[in-house]
Amino acid sequence: MGETIFTLDARDNIYLDVVKDYFKLDEDRIHHEINGTFQELLSILNSKKINYQDLKGALIPHSDRREIAFVFDTLQIKSAWYGLPVFSNLIPLLDKKSSNSILCGDYIGKDQQAEKLHSVFFEHINSNKQIEYKHHTQFFIVYINNLTDTMVDNINSGLTTFSPYVGFFDLTYSSFIKTYLSTILVHLVVKCKTTIISKHEPDRSNDEDVNMHGYPFEENGYKCKSLQEMYFMLFLSYKIERKVFEGFESDTSFSLNAISKNVLDITDFSLLIEEDKFGYLLRAKEANLKRAGIINLTISELEQFVKNEISNNYIYNLTFLKEFGTVKFNIMIETKTKDTKESIRLNVALEYKAADKTLRLITMY
């Protein structure tokens, strides 16, 4: 069996691009470097008694979980370090049985974007408060993934007495606000139950553990672990889903290179759904296909539907099954229900067959 790399982030940092260009590395060498670095990561995590498999919930998207961005008005916080009171109120509300990625940042944007950011803010905010909106930069945002409805309700209700709390954006499904926030928020920590994992300086030993952010995790019963920034940014950084922008295609290429030395543009590949697989989907996944409004598609129509979604997101769950020579990955696709027009997300597992320039559908759920 092969090891699975849940996510590889070459979208929000340029480390692999720089290394490849500077040292003129080919795909063979990049494959070796990524996997060697990944093995180093596993060793570091093991030394800190962290099981990489336990981080899966925080590092990949889930079709049945929610992604929420909680919004705070910094004008109502006297301290310039407004993150401290925000996280002092937020941390006690987190579920200690869950694993989540947490990103944060100010609602920044150019002055030319001010009108658009204002309208988008009020279009998407879920709030019961009177919001005094003066400028978009007054708002501080904390994004958390892998949340259940109960977790969302507990955090939202628990923050209502904290006056700077404004409300939240629901980023579970694609929207302009989700795409925009994916470009401005920065990775803070990965929470694995009662362990907080963050990055520290490149010249600090991985034998050390520090709470670089200074937020009161320990006071709330968490253990803080940290590792050098390169490992965190490459393998522990959740990518908020969005369409693959022009100029960001290398993220998919490097992700493929992690599991294959033969890297091709998958948007040019054919999508293959075998007859027996199609029959299995109709039987075993009937409910989801009905909800998605694709139950009546022919094989060729379903193949085209999935193919059209390839560039609408990143790839994850990167796996090479050595004993079978199988290279596979997952994508998340989104569509509307046929009756209510509500959004629905489906996990799709695909086999990467470079020799045939084909993506073979493994399952969809």
Side-chain angles (χ1 to χ4, degrees), residues 4-8 11 56-68 99-101 145-149 152 170-179 182 238-244 251-252 255-256 259 266-267 269-319 326-353 358-365:
T4 295
I5 300 176
F6 296 134
T7 187
L8 177 72
R11 187 185 81 178
K56 183 176 182 178
L59 297 181
I60 68 170
H62 300 272
S63 59
D64 59 348
R65 292 298 178 102
R66 296 175 67 184
E67 303 168 43
I68 301 295
S99 293
N100 317 88
S101 282
N145 73 348
N146 198 32
L147 296 171
T148 64
D149 290 343
V152 176
D170 192 332
L171 306 185
T172 306
Y173 301 107
S174 60
S175 62
F176 177 87
I177 192 69
K178 180 173 184 174
T179 297
S182 76
Y238 180 79
K239 293 180 285 191
I240 299 176
E241 300 154 275
R242 70 167 187 244
K243 186 178 176 64
V244 179
D251 179 65
T252 299
S255 295
L256 287 172
I259 48 179
I266 58 176
T267 60
F269 278 35
S270 300
L271 202 296
L272 172 65
I273 303 177
E274 296 155 331
E275 286 278 358
D276 58 344
K277 183 69 66 176
F278 185 64
Y280 165 78
L281 291 175
L282 293 179
R283 293 190 307 273
K285 310 298 180 182
E286 180 183 10
N288 279 345
L289 297 185
K290 277 185 177 179
R291 285 187 61 222
I294 56 178
I295 189 68
N296 294 319
L297 298 184
T298 63
I299 286 185
S300 59
E301 289 171 338
L302 186 57
E303 287 172 341
Q304 190 60 47
F305 170 74
V306 176
K307 178 175 169 54
N308 290 343
E309 295 296 319
I310 294 295
S311 63
N312 284 342
N313 222 316
Y314 63 90
I315 66 174
Y316 61 94
N317 260 8
L318 314 167
T319 307
T326 300
V327 176
K328 62 178 186 173
F329 60 82
N330 286 29
I331 62 169
M332 182 72 74
I333 64 176
E334 185 176 318
T335 185
K336 299 284 187 181
T337 59
K338 190 173 182 179
D339 48 356
T340 62
K341 302 302 180 183
E342 294 179 357
S343 294
I344 179 175
R345 304 204 297 175
L346 298 171
N347 264 298
V348 179
L350 299 167
E351 180 183 358
Y352 174 76
K353 300 169 71 69
T358 298
L359 297 174
R360 183 181 71 87
L361 188 138
I362 299 172
T363 191
M364 177 189 292
Y365 57 96

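Numbers here are sequence positions counted from 1.
Judged purely by atom type and a 3.5 angstrom limit, Glu241 has no side-chain atom pairing as donor or acceptor with the backbone of Met332. In this structure, Asn288 contributes its side chain and Tyr365 its backbone to no donor-acceptor pair below 3.5 Å. Looking only at distances, no side-chain donor or acceptor of Asn347 sits under 3.5 Å from a matching main-chain atom of His62. Under the 3.5 Å distance criterion, the side-chain polar atoms of Ser101 are matched with a main-chain donor or acceptor of Ala58. Lys178 contributes a side-chain N or O that, together with a main-chain N or O of Leu171, makes up a donor-acceptor pair within less than 3.5 Å. Between the side chain of Asn100 and the backbone N or O of Asn145 there is at least one donor-acceptor pair closer than 3.5 Å.
The environment of Arg66 atom CZ is dense: over 12 non-hydrogen atoms of other residues, nucleotides or ligands sit within 6.0 angstrom. Within 6.0 Å of atom NZ in Lys277, more than 12 heavy atoms from other residues, nucleotides or ligands are found, so the atom counts as buried in its surroundings.
Contact check for Met364 versus Val306: side-chain heavy atoms found under the 4.5 Å cut-off. Using a 4.5 Å heavy-atom cutoff, the side chains of Ile294 and Leu302 are in contact. At least one side-chain heavy atom of Leu282 sits under 4.5 Å from a side-chain heavy atom of Phe278. Thr335 is not listed as a side-chain neighbour of Ile333, based on a closest heavy-atom distance of 4.5 Å or more. No side-chain heavy atom of Arg242 sits less than 4.5 Å from a side-chain heavy atom of Tyr314. Put simply, the side chain of Lys239 reaches to within 4.5 Å of the side chain of Asp251, judged on heavy atoms.
Here the closest non-hydrogen pair linking Ser255 and Leu318 is O-CD1, 3.7 Å. Phe329 and Tyr352 get closest at one heavy-atom pair: CE2-CB, 4.0 Å. In terms of heavy atoms, Glu334 sits closest to Tyr173 at OE2-CB, 3.5 Å. The shortest heavy-atom contact between Glu301 and Leu297 is OE1-CA, 3.4 Å. Heavy atoms only, all atoms of each residue included: Lys243 and Ser311 are closest at CG-O, 3.6 Å.
Atom CG of Leu271 is separated from atom CG of Leu350 by 6.0 Å, given to the nearest 0.5 angstrom. In this structure, CD1 in Ile177 is found 12.0 Å from CG in Asp170, a value given to the nearest 0.5 Å. Note that the CD1 atom of Ile362 and the CD atom of Glu351 stand 5.5 Å from one another [nearest 0.5 Å]. A distance of 11.0 Å separates CG of Leu359 from CD1 of Ile273, quoted to the nearest 0.5 Å. Here Asn317 contributes atom CG and Phe6 contributes atom CZ; the two are 6.5 Å apart, rounded to the nearest 0.5 Å. With rounding to the nearest 0.5 Å, the separation of CZ in Arg360 from OG in Ser270 is 14.5 Å.
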**Request:** Go through Thr363 and Lys285 one step at a time and tell me if the side chain to side chain contact (heavy atoms under 4.5 Å, CB included) criterion holds.
**Result:** CA-CA 9 Å; Thr363 191; Lys285 310 298 180 182; 4.0 Å; yes
**Request:** Take Leu147 and Arg65 through the side chain to side chain contact (heavy atoms under 4.5 Å, CB included) test and state the conclusion after the steps.
**Result:** CA-CA 5 Å; Leu147 296 171; Arg65 292 298 178 102; over 6 Å; no
**Message:** Walk me through whether Leu256 and Ile266 qualify under side chain to side chain contact (heavy atoms under 4.5 Å, CB included).
**Reply:** CA-CA 9 Å; Leu256 287 172; Ile266 58 176; 3.7 Å; yes
**Prompt:** Going through the distances and angles, do Thr267 and Val244 end up as a side chain to side chain contact (heavy atoms under 4.5 Å, CB included)?
**Reply:** CA-CA 11 Å; Thr267 60; Val244 179; over 6 Å; no
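The pair Arg345-Glu67 counts as a salt bridge, with a side-chain nitrogen and a carboxylate oxygen less than 4.0 angstrom apart. Classification of Glu303 and Lys307 as a salt-bridged pair fails, no side-chain N sitting under 4.0 Å from a carboxylate O.
Each of Leu8, Ile310, Thr252 was checked for a side-chain contact (heavy atoms from CB on, under 4.5 Å) with Ile315, and the lone residue meeting it is Thr252.
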